[in-house]
Each structure stands twice: as C-alpha cells, then as structure tokens.
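Chain naming here is simple, since letters A, B, ... match the order of the sequence lines and numbering starts at 1 in each. Computed from a predicted model, the values in this text were never measured in an experiment.
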Amino acid sequence: MPLNFKLYSTLTNTKEDFVPIEAGKVGLYVCGVTPYDFSHIGHGRGVVVYDTFARFLRETGWQVKYVRNFTDVDDKIIARANERGMEATALAQEFIEAFTEDAQKLNEVTPDVEPRVSTHMQEIIDMIQLLLDNGVAYVGDSGDILLDTTKVDDYGKLSKKPLNDLIEGARVDVSDDKKTPTDSVLWKLAKPEEPKWASPWGEGRPGWHIECSAMSAKHLGKTFDIHGGGMDLIFPHHENEVAQSEGAHKCKSVNYWMHLAFINFDGEKMSKSLGNFKTIRDMLQLVSGEAIRLYMLGTHYRKQLNFTVDALQASETALEKLYRTLKRAVDLPQTDAQDLEHFYGYLADDLNTPKAQAEMFNTATDLNAALDQNNLEKAAVLKAKLVKMGASLGLLTYEPVKYLKGGYKAAPEGAMSDTDVEKLVQERTTAKTEKNWARADEIRDLLKAENILLEDGAEGTSWVRK
RNA sequence: GGCCGAGUGGCGAAGUGGUAACGCUGCGGACUGCAAAUCCGCCAUGCAUCGGUUCGAAUCCGAUCUCGGCCUCCA
C-alpha cells in the first residue's frame, strides 16, 4: 500500500488528500524549459522540487510516470538562432544538452519521458483538429488557427480570473485575428525562413500552449493526476492548457495542480526578461550541486525564496557537517534503515522538505553523539537512517572524504594541489612527533591561508577544503 | 482595479489553537600541546501593528501598515 499524502492544488486553493486515478499509480507532468539559453536557478528549483517529489512517491510505494517536456519549437528559439546565424533545431539541441547536464549536477533522476514539441507534431495537429471539430477553435483572417476562449466552459477557473475581467483588462495588442483578446494561437502559419511543419491549414508551427495539452494527453492520458510548473505559468499557459485539453477531450484534464513559487533576487522576481538571473552554472562555480539542492529544499516549495550567495554558502557549510558525520561513520556495518515514519510523514504533508531536513540534521547529531560514546550498534542504525533520508532528498550521494576535500565543486583559481597538501601534513606530523609546536602551527596557518583546515584525530590528521 | 501569497531570533527558515523545529552565525563548558571537528548547554517572555474571540493564539476573526507575484513572454 503506497503512503497517502496531501497536496496543495491551485485548482481549489486548498491542501487536499491525493486520490489516484488508478490505484497505486501517479501520473506527473511538469512543464520544462524552452531551451534558448542556459537555465537559471529558478529552473533549478523546479528540477530539485519535482525530482524530490518523484523520489518521495517512489520510495513510499507509488508507481510513478514522470513526464517533463522541452518546448523546442518557439519564437524565442527562432529569434536567438537567427541572431547566432544557426538552425533553430541546433540551438535547441545545444541548450537541451546544457539543461540535462545541469540537472544531473543537481542529482536529478531523469524523468521517465522528456517529450519534445518537434517530435509530437502529429499529436498537436490532431488535437487542433479536434478543437475545430468541437467548435472551440476557428480560422482567423490570416489563416492562423485560434482557440475561442468564449466557447470554453469555465475559462479562468484555474487562475481564478473571470473571462470578462480578462477581456476588459486586456493589455495585449489585440491582433486582428482574434475574435476575443483572450484567444490564443494554436497554429501559426510560417513566414519565410521560419521552421515549418505541414498541416491541414498550411505549413507552420504550433502556438505556445497547445504542445503541453497534446504531449500530456499522449503520455499520461486525457485525464491525469498531477500537473506541475512555475507559478507564473498559471496564467495564461496552464489556463489555456485546461481550456484546450477539456475543449478537445470533453473531460477533466488534471486532478491536482502543483505550482512552484519563484526565486527572487534582491527582493524582485528573477527572470530572463528582467535580465537579473543567475544560472545554475554560475552557482556550481561557488558550491557543489548538493549544496544548491539542500538550499532549495530548505524553503517550502510554495514560498518565495529570496536568493543570496551568503545563504547558499551557509547551506554548503551545513552539508559539510553531514559529510563530516558520514566520514566518521564510514566503517560502520551495513544495516537496514528504520524509524522513517516521521520523515516520510513530513514529505507526505504537501512535500514539507524543511521539516524533513530538520529530521536529517537531528539524526546526524544523534549519530555523532553515538560515535562519541562509542555505541557502534546504535550508530550503525542511525547512519543507515541518515543515508536513507539523504537519498530520498537526493543528498549525501557523494563520497565523504572526496567531498570534504573539495572534490565536488569547481576548484578555485590557483588552489593548492592535494599532493602538496599531503606533503605539508606529513611534515607537520613529523614536527608534532618532535613536539615542535611552533613549526606544526606554522604549517597549519599556512594551510589555513589556502582555505584548508586540519583536523587532528586519534588516527592522525585529516584535512578539509573550505 | 481584480486575484494569489508573504511579514517569526543577528541571518535563513518550519510551525495554522496548547505555550516557538532545523540550519548558519555568536557565547559558555567538555575534549585538544594549542586548534579544528564533535558533544553538552545558552541566545525570540515573543512571532508586522492595533483591537477582538478563547481557559489558552504566531496560529481563529476584524482593521491597518509593508512587501512580493499574476492579470503581457517567463520555472
């Protein structure tokens, strides 16, 4: 029996008990990136949160199908490719690969399916045809196909925006094609030099929202369990997805909508359009991927996270504490993890990762205490628990000694080599044996200036790179 | 203007009726040649403000202030 859990749904704006469509199974669709640039840490938050969610579901007995798309056919991609004088498909491919690399550095378990618009044209065209057949779409004067938002039941139900308010408050330049300002383009006829695909309405490409309706239906069915994405997608992207999917299939499309809050920077939303974004790559120059992950899971996913480098580095320090503990525990015998009810219970409450983390840190403290008391039996059990909790959150997967020596982050410019460090440590050990404290301290200070900290233990001296 | 959401110690951040988790930082002690690490202990009589409900509120209700987001491409 899988563990029951609660999820806050944007559709009802309440925390709800999750009820699967099919017993024991969860279908999860998340809106991925439009690959025209390097991904920023806001995208990273999405990677980490939904990955953690999928891990949680699997560990608690659910059979999960996790689908995350790439919108690889898009105006911004075309524009950027033109700037660079290259094919749009090549540009998209380049940034899909970059995204995948970043996601791996963040310890993501790759989603089960990563569909792309470019390989789902037939599904998209079929869906547009259905919308036309159902009278929910129309052909505009220019020949583009548009969604008729006035023909959709309850348009605005997800974002809680009454259609009339939207029409009145419309700030968009109303194109001549649109019967109503809120209507959106389903199929856009190609201009010269633009990528294009054949369709019954002429060569062109899909509009922005239809691809997710088509791809989610193909991979998860007309009605599926959970749909995720950033808060900013609620309107218009997800609202239109609902309208299209339900307009085409005549049934409820998504049971639970799980939206992620933003990362802010200097108190303001970080986004590509504002130009104030930090890429995942930038952050990986400063700290390890797991530190970024720990940082992001330290704030609940529905709360805005105001990004600061100081806080990120505090997470790296906190992670070091966990790895120091594991390093001490490295020789303990393997046992099964137990006593995880509380931990999973926290995650089952709308993915409360901060609370789950607290449990992890408390366990580390207990483990250190058990080791101090030389209670190895207790320590082994605690270690198994700690490692298991870490794995659930996508953490503590590094090799502790290597991690503490800085092996999982970018080496700073002109850093002292491991070999040179070892040499000095050797020399200091000799000095210590001779009780030459002055020389020993001198070496320690010298290494400290290189951000290397020495730790004298019963079994000799070990070192850590800060 | 409409609709979301937030304001908790030096910093980050949980907690939604029973007396403030956790992390970083700081302080004291143990340990150490001295350190570091680790452990033990301490650090918000108070949770934006003002009222109210209640035996009891950070948590519920009302008002006010401040901030962020969506309403246009955005995770």
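Every pair passing ring-ring contact (aromatic ring centres under 6.0 Å, His included) that includes a residue from residues 264-284 of chain A is listed here, sequence neighbours excluded: His40(A)-Phe277(A). Listed by first then second residue, pairs satisfying side chain to side chain donor-acceptor pair (under 3.5 Å) with a partner in residues 311-322 of chain A read Ser288(A)-Glu316(A), Glu316(A)-Tyr403(A), Glu320(A)-Lys466(A), not counting sequence neighbours.
Phe307(A) is linked by a ring pair (Phe, Tyr, Trp, His ring centres under 6.0 Å) to Tyr295(A), counting only residues two or more places apart in sequence or in another chain. Here Arg302(A) pairs with Asp350(A) under the side chain to side chain donor-acceptor pair (under 3.5 Å) rule; sequence neighbours left out. In this structure Glu16(A) satisfies the side chain to side chain donor-acceptor pair (under 3.5 Å) test together with Thr12(A), sequence neighbours excluded. Among residues two or more places apart in sequence or in another chain, the side chain to side chain donor-acceptor pair (under 3.5 Å) test is passed with Ser184(A) by Asn240(A). Listed by chain and residue number, His120(A) satisfy the ring pair (Phe, Tyr, Trp, His ring centres under 6.0 Å) test with His219(A) (two or more places apart in sequence, or in another chain).
In the region residues 376-408 of chain A, proximity to RNA chain B at under 4.0 angstrom, judged on heavy atoms, holds for none of the residues. Residues of residues 280-287 of chain A that place a heavy atom closer than 4.0 Å to RNA chain B do not occur. Contact check of residues 435-443 of chain A against RNA chain B (heavy atom, cut-off under 4.0 Å) returns Trp437(A), Asp441(A).
Spacing between rG5(B) and rC60(B) at atom P, rounded to whole Å, works out to 13 Å. Comparing rG46(B) with rC40(B), their C1' atoms are spaced 26 Å from each other, to the whole Å. Here, rG12(B) and rA36(B) have their C1' atoms 25 Å apart, quoted to the whole Å. On the P atoms, rC61(B) is 23 Å away from rG1(B), given to the nearest whole Å. Remark: the separation of the C1' atoms in rU49(B) and rG7(B) is 11 Å, to the nearest Å.
In this structure, Phe235(A) places its CZ atom 7 Å from C1' of rC71(B), rounding to the nearest Å. Atom-to-atom, CG of Leu319(A) to P of rC22(B) comes out at 19 Å; the value is rounded to the nearest Å.
For the atom pair CG of Asn264(A) and OG1 of Thr308(A), the computed distance is 12.0 Å after rounding to the nearest 0.5 Å.
Relative orientation of the Phe18(A) and Tyr256(A) rings is tilted, given thresholds of 30° and 60° on the angle between their planes.
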Between protein and nucleotides 4-21 of chain B, map the contacts as a letter string: B base, S sugar-phosphate only, - none, heavy atoms under 4.0 Å, written 5' to 3'. -S-------SSS-----B

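Of the two residues contacting RNA chain B, namely Lys432(A) and Ala314(A), the nearest-nucleotide position lying further toward the 5' end is that of Ala314(A).
Dense packing is recorded around NZ of Lys327(A), with more than 12 heavy atoms of other residues, nucleotides or ligands lying under 6.0 Å away.
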Every protein N/O lying under 3.5 Å from an N/O of nucleotides 35-43 of chain B:
from    : atom 1 : to        : atom 2 : distance (Å)
rA35(B) : N6     : Asp456(A) : O      : 3.2
rA35(B) : N1     : Asp456(A) : N      : 3.1
rA35(B) : N3     : Arg444(A) : NH1    : 3.1
rU38(B) : O3'    : Asn368(A) : ND2    : 3.3
rU38(B) : O2'    : Arg328(A) : NH1    : 3.2
rU38(B) : O2'    : Asp372(A) : OD1    : 3.4
rU38(B) : O2'    : Asp372(A) : OD2    : 2.8
rC39(B) : OP1    : Asn368(A) : ND2    : 3.4
rC39(B) : O4'    : Asp372(A) : OD2    : 2.9

